[in-house]
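Working notes for the structure below.
Reminder, nothing fancy here: chain letters follow the sequence lines and each chain counts from 1.
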Protein chains: 2
Amino acid sequence: MTEDIRREEAPGETHSGDNAVTSGRSSGKTGQIRARNKARIISAAEEVFAAKGYAGATTAEIATRAGLPKANVHYYFSTKESVYRAVIDNILDLWLEPFQRITEDDDPAEALSTYIRTKVMLSRDKPLASRIYANEIIRGAPILADYLGTDLREWVAEKSEVLRKWADKGLMDPVEPAHLLFLIWASTQHYADFQVQAKAVLHHRDLTEEDFETAVQTITRVVLKGCGVKTG
Amino acid sequence: MTEDIRREEAPGETHSGDNAVTSGRSSGKTGQIRARNKARIISAAEEVFAAKGYAGATTAEIATRAGLPKANVHYYFSTKESVYRAVIDNILDLWLEPFQRITEDDDPAEALSTYIRTKVMLSRDKPLASRIYANEIIRGAPILADYLGTDLREWVAEKSEVLRKWADKGLMDPVEPAHLLFLIWASTQHYADFQVQAKAVLHHRDLTEEDFETAVQTITRVVLKGCGVKTG
DNA sequence: TCAAATTCTGACCATATGGTCAACTTTTTT
DNA sequence: AAAAAAGTTGACCATATGGTCAGAATTTGA
């Protein structure tokens, strides 16, 4: 947005993005009302942002889902955007953590299999997070532009180096690392983002545990065999 | 939306969804104003819906992009939703056409390679269409539920049969057909939908012809080798 | 117990938005 | 040429929405 004239922050709210659920008066006992309500608001916001997108989500609906009056939501989060940023912050931690500790000394077959499985199960367990992320990227990443150009870019550079080293050792084919990661992200997140399409095509019912397991098996076998990954 | 009390339609507008650009008075000469304006509105709407999503798109912005007053947009399309449906109708034709004429008599290596290439180049040439479709699915496919449960479901059933026959003939591994199609759709559409992420990770510049070509090569090799596709 | 701090919230506000309408202009048809 | 049809559009309307505020209620700490 244009020139951002800062307005008075909601209690516990900072511009640094540190909208952690707990802050305010020190001590374990205090701040519990705040912590509980912020958690409820964020949880409700996740549902609404995932289902309606940023523009389609209303603070009234978020409040209703949180079981609070709208003015109370604004008491904790100064703007709709600050609620959204808090939601997005929670999501990013989920995104880089898998595959984070992978090194060239790991077995590629095991590392890639585990990564794919973890990503598919994240789609199963956290479909809302995936959809919110997808919505954010599709609309041009207005909030996440910095993150993409720094944290994510560095993360991909690091993991690309690991993939290259595996190829150098003859443990897998020299496939373009970044494009391989795109393929893994896209195919695994598909089960969250395009879930309504997958269920229509498969059997008109909610995806089952077996569906997700088949997804893991299919993606894993295509990627491992497709990349000529040697099993240890 | 709830009980849909039909309102008077805009000229040339029908409930059947047939909002083709040309209609009205017969003859080549008449209706040219209508055809031109509807095309401009649809083109402008594609840009706005792709960038902002359904809820974030405004009829005022669509009108501005089309170079027309807002009331004129409503002259041709009774509601924002009818503009959206016209846009979506255009997109669906793009979606099933590739791979449409594939049969078990085709060479799987060639058929799959061509399909993947066509899909990646659709992402390159029609990213807006892909993003609008993705937005629609992610928000639960309110407009496309019927299409998913009929046309798309049947299309996948047909192509799954072809993939099974190839496997029966030993031309490829017996991979779960629908899940393989999900993998191909997800990984190829990724270059349109998550384009801002891909460019941030790759080189902070618009994706180049080489990027798309690398995408084709990577996805094709992983899929063909990963599925044990025999080349003719 | 009481003061201070925090939380709560109904009412309100300014702006945005989808859509309508009447009157005018232009185009097409008779 | 004139009537009919189509196209145009500024002004307007009703509703939706993000956000504010003052006062009350509750909680916390001294």
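When atom types are taken as modelled, the side chain of R131(B) and the backbone of D193(B) share no donor-acceptor pair closer than 3.5 angstrom.
When only modelled atom types and interatomic distance are considered, Y133(A) and Q197(B) share a side-chain donor-acceptor pair under 3.5 Å.
Of the listed nucleotides (dG19(D), dG18(C), dT7(C)), dG19(D) has the atom at the smallest distance from the side chain of H74(A). Distance from the side chain of A71(A) is smallest for dC21(D) among the nucleotides dG18(C), dC21(D), dT17(D). Closest approach to the N37(A) side chain among dC21(D), dT8(D), dT7(C) is made by dT7(C) (side chain taken as heavy atoms from C-beta onward). Distances were taken from every side-chain heavy atom of K80(A) (C-beta onward) to each of dT9(C), dT17(D), dG19(D); the shortest belongs to dG19(D).
Using a 4.0 Å heavy-atom criterion, one finds that A57(A) contacts the sugar-phosphate atoms exclusively. Among the protein residues, A63(A) comes within range of no part of the nucleic acid, since none of its heavy atoms lies under 4.0 Å from any strand.
Residue D125(B) places its CG atom among more than 12 non-hydrogen atoms of other residues, nucleotides or ligands, all under 6.0 Å distant.
Computed from coordinates, the K38(A) NZ to dC8(C) C1' distance equals 16 Å when rounded to whole Å. Separating the CZ atom of R36(B) from the P atom of dG7(D) is a distance of 12 Å, rounded to the nearest angstrom. Atom-to-atom, CZ of R34(B) to C1' of dA5(D) comes out at 10 Å; the value is rounded to the nearest Å. Separating the CD1 atom of I41(B) from the C1' atom of dT9(D) is a distance of 13 Å, rounded to the nearest angstrom. The distance between atom CG of N72(A) and atom C1' of dT9(C), rounded to the nearest whole Å, is 8 Å. The OH atom of Y75(B) sits 18 Å away from the P atom of dA23(C) (whole-angstrom rounding). Rounded to an integer number of Å, the gap from CD of E81(A) to P of dT17(D) is 19 Å.
In terms of position along DNA chain D, the nucleotide closest to G67(B) lies nearer the 5' end than the nucleotide closest to the other residue of the pair G67(B) and K70(B).
Ring planes of W155(A) and W185(A): tilted class, angle from 30 to 60°. The aromatic rings of F49(B) and Y54(B) lie parallel to each other, with less than 30° between the two planes, well short of the 60° mark.
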